[in-house]
J.: 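Before I ask anything, let me first share the structure, which is written out below as structure tokens.
In what follows, chains are A, B, ... by sequence order, proteins preceding strands, each numbered from 1.
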Amino acid sequence: MAETVSLTFPDGSVREVDNATSGADIAASISKSLSKKAVAYAMDGVLRDLSDPVKRDGSIELITRDDPRALELIRHDCAHVLAEAVQELWPGTQVTIGPVIENGFYYDFARNEPFTPEDFPGIEKKMREIIDRNKPFTKDVWSREKAKQVFAEKGERYKVELIDAIPEGDDVKIYAQGDWFDLCRGPHMVSTGQIGKAFKLMKVAGAYWRGDANNPMLTRIYGTAWANQEQLEAYLHMLEEAEKRDHRRLGREMDLFHFQEEGPGVVFWHSKGWRMFQNLVSYMRRRLQGEYEEVNAPQVLDHSLWQTSGHWGWYKENMFKVECADEEAEDKRTFALKPMNCPGHVQIFKHGLKSYRDLPIRLAEFGAVHRYEPSGALHGLMRVRGFTQDDAHIFCVEDQLAEECLKINDLILSAYADFGFDQITVCLSTRPEKRVGDEALWDHAEKIMHRVLEQIAERSGGRIKTAINPGDGAFYGPKFDYYLRDAIGREWQCGTTQLDFNMPERFGAFYIDKDSEKKQPVMIHRAICGSMERFLGILIENYAGQFPLWFAPTQVVVTTITSDADEYAAKVADRLKAAGLVAELDLRNEKINYKVREHSHAKVPVILVCGKREAEEGTVNIRRLGSREQNSLSLEEAVTSLAEEATPPDLRRRRG
RNA sequence: GCUGCUGUAGCUCAGUGGUAGAGCACUCCCUUGGUAAGGGAGAGGCCGCGAGUUCGAUCCUCGCCAGCAGCACCA
């Protein structure tokens, strides 16, 4: 039934066309070259097959291959070609799903024999063949019965499951490229030739069917695909650069820390790394002054305390049990290494009666915790089994919640800014299905937090992004999570503010209210860095090891050209140390080239070269990391300006 | 934890069914050289751990441990 619809074009012009007109027809009607170049079209921003009829009114845009939006199609089409190639090479391999992901795509296969990277060249060759065949993508809508029957006959049981999962009323679409076809939502480009050759298979890995660890494991092949060779190469180059700033590599190269077999997931901090760690702690500690009381709770506590907190029940597989190693020992009490600081802080709160006048009470701890993380989860400093949280617990009344949350927010944002992070997203997670605490309390708390979230956005003038994750809160209360974006665009969740309606009740914590009655306080858990170890890992990668002067573990190296100036260089180093800088003296009998190279590799921000000339003039020659420039200035000038530059940002603010 | 891969000197990596090699780093000697590698000599290894096959295992097989990638997990 032909009907006329009106289409709005990007230039604002409007055309009336038959509703059966396809995107391809429209491209052809505009120009021959567009008809050649178009790979799809967008209707009100949603991509469609070029062969799809326009059907209804809307704004239409033809998508050519070089449009950024075509990248998604290139990648998706490439996933299909990968699947065809694999089935051509290894008949009997079952196909499952093959979505587009950031920078590429993957396809999950079910096959008894797993793939290895050695298979990649063969697969890629086959893929290029399929692309050269340039078969058109054609779409068909099948009945459920037919689709299930066809795939069942082919032995594709995963596809049958997928068909069953398609919501009633949705079409079961089949896309074919030549003889090969796949169940697919689409859209696709016009033919396989449009994919081009700027793709590469990257890695092979296991992945659970439908992301559930109870399901069988499939073999996943990851690939990357781009519009052209330059983009592909730029991406591969970016990966190489990212690898160079891997904190595990820099940790070794810069001699910051190491791991070894006997201690899976626990860090051996070397002196330079520990200096950074202490720097970070000192910074955070200064930021707590006047607001928080720093405490320290025991590492090892009887398991009964963890029973009361509930951890021994539902967190047991993540806890380290501790007992006397002597089998004959009379005292065989079972202890646990603390996985969290909160129960300890509740004990401190509970010690002695607290008045409503005392609230809020803010207890902070740089608390070492141990968690038995699954072996496969361990990853350098980013995921460890022993780490230090910059943890705090605030005991307050409901009326104080909003203000406390905002205070924490200000602290988190300003701390991040001091480390150069200013692209932050604050995410509010609301009540999950499984939860404790009465509904009124959740209503109240969530209302407050929504308000606070709005205020956070307002105060930042829209600079801080906000988001809501419905149902993602902890079972004991709603929370804010803080995500920061690093120098190469990755997002890390670090800070968190969590309300807790559960813990005070479990431990029977209370304060005496105005009416002399016992009342239960509300508890807020909060962390800024989260894990100091992980935060340092993030900092290392963010700065690629080239820290700002105030945070560099070694700030200055003083070195000589010949031994004539040894005495003077020592004096320079002493002056720097007296001014509070971390300075090292390098008097080795090596050429200056060699020494500069070595200290540059160690990423020392400032090298002061002292030769005969400097010794005579009382000057130093200053060289900055990453620059070939050399500047001479008087010793006193150098010391003053370096000391100024090395002042931590919070202290500089305090000084005004 | 699951799937796959890997484990040889401090680091990066060769290599062989008959108990091992390179470069850098390290030590010593020579060299006093103006901003990213001066020259020479030397030292350094239970070839991840345990069992098996074998006359003989760093190498082949199995188990364990650890690491890497991804998945799952991170209340």
J.: On a whole-Å scale, what distance lies between the C1' atoms belonging to rC65(B) and rC29(B)?
T.: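 Looking at atom C1' only, rC65(B) and rC29(B) are 44 Å apart.
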
J.: Name each donor-acceptor pair under 3.5 Å that joins a side chain in residues 525-532 of chain A to protein atoms two or more places apart or in another chain, with its distance.
T.:
residue, atom, partner, partner atom, Å
His525(A), ND1, His393(A), NE2, 3.0
His525(A), NE2, Asp500(A), OD2, 2.7
Arg526(A), NH1, Tyr292(A), OH, 3.0
Arg526(A), NH2, Asp390(A), O, 3.0
Ser531(A), OG, Glu533(A), N, 3.3
Ser531(A), OG, Arg534(A), N, 3.0

J.: Near RNA chain B, which residues from residues 206-215 of chain A have a heavy atom under 4.0 Å away?
T.: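 Those residues are Gly206(A), Ala207(A), Tyr208(A), Gly211(A), Ala213(A).
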
J.: Could you run through nucleotides 58-64 of chain B and give me one letter per nucleotide, 5' to 3': B if any protein heavy atom sits under 4.0 Å from the base, S if only the sugar-phosphate is that close, - if neither?
T.: -------

J.: Does this structure show an ion pair linking Arg624(A) with Glu645(A), if we count only N-O contacts that are shorter than 4.0 Å?
T.: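 Glu645(A) and Arg624(A): salt-bridged.
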
J.: Charged N to carboxylate O under 4.0 angstrom, Lys272(A) versus Glu584(A)?
T.: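 Salt bridge: no.
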
J.: Are side-chain N/O atoms of Thr554(A) and Arg275(A) paired as donor and acceptor at under 3.5 Å?
T.: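 Yes.
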
J.: Tell me: CG of Leu239(A) to P of rA69(B), nearest whole Å?
T.: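 Between P of rA69(B) and CG of Leu239(A): 13 Å.
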
J.: Nucleotide by nucleotide, 5' to 3', does protein get under 4.0 Å of the base (B), only the sugar-phosphate (S), or neither (-) in nucleotides 32-37 of chain B, counting heavy atoms?
T.: BBBBBB

J.: Could you state the atom-to-atom distance from CG of Asn469(A) to P of rC74(B) in whole Å?
T.: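 Between P of rC74(B) and CG of Asn469(A): 14 Å.
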
J.: Give me the residues of residues 375-385 of chain A where at least one heavy atom lies under 4.0 Å from an atom of RNA chain B, by number, or none.
T.: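 Those residues are Ser375(A), Gly376(A), Ala377(A), Leu378(A), His379(A), Arg383(A).
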
J.: Let me have a per-nucleotide readout for nucleotides 9-15 of chain B, 5' to 3', with B, S or -, counting only protein heavy atoms under 4.0 Å.
T.: --SS---

J.: What's the gap between rU8(B) and rA57(B) when it is taken at their C1' atoms, as a whole Å value?
T.: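 Rounded to whole Å, the distance is 14 Å.
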
J.: Are Arg248(A) and rG67(B) close enough that a side-chain N or O sits under 4.0 Å from OP1 or OP2?
T.: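 Arg248(A) to rG67(B) OP1/OP2: no side-chain N or O under 4.0 Å.
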
J.: Write down the partner of rU19(B) under the Watson-Crick or G-U wobble criteria, each distance required to be under 3.5 Å.
T.: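 Result: none.
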
J.: Hey, does Pro264(A) reach any base, or is it just sugar-phosphate, or nothing, if we go heavy atoms under 4.0 Å?
T.: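 Contact class for Pro264(A): sugar-phosphate only.
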
J.: Pick the P atom in rG4(B) and in rG42(B), then give their distance to the nearest Å.
T.: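 Those two atoms are separated by 47 Å.
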
J.: Tell me the interatomic distance from Glu113(A), atom CD, to rC5(B), atom C1', rounded to whole angstroms.
T.: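 After rounding, the reported distance stands at 15 Å.
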
J.: For Asp472(A) and rC73(B), what is the distance between atoms CG and P respectively, to the nearest whole Å?
T.: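 Roughly 12 Å, once rounded to whole Å.
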
J.: Separation of Met217(A) atom CE from rG1(B) atom P, in whole Å?
T.: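 It is 13 Å, rounded to the nearest whole Å.
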
J.: In the structure I gave you, are the side-chain heavy atoms of Leu305(A) and Trp312(A) within less than 4.5 Å of one another anywhere?
T.: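 Not touching, per the 4.5 Å side-chain cut-off.
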
J.: Roughly how many Å apart are rG45(B) and rU58(B), using the C1' atom of each and rounding to a whole number?
T.: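 Approximately 11 Å lies between the C1' atom of rU58(B) and that of rG45(B).
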
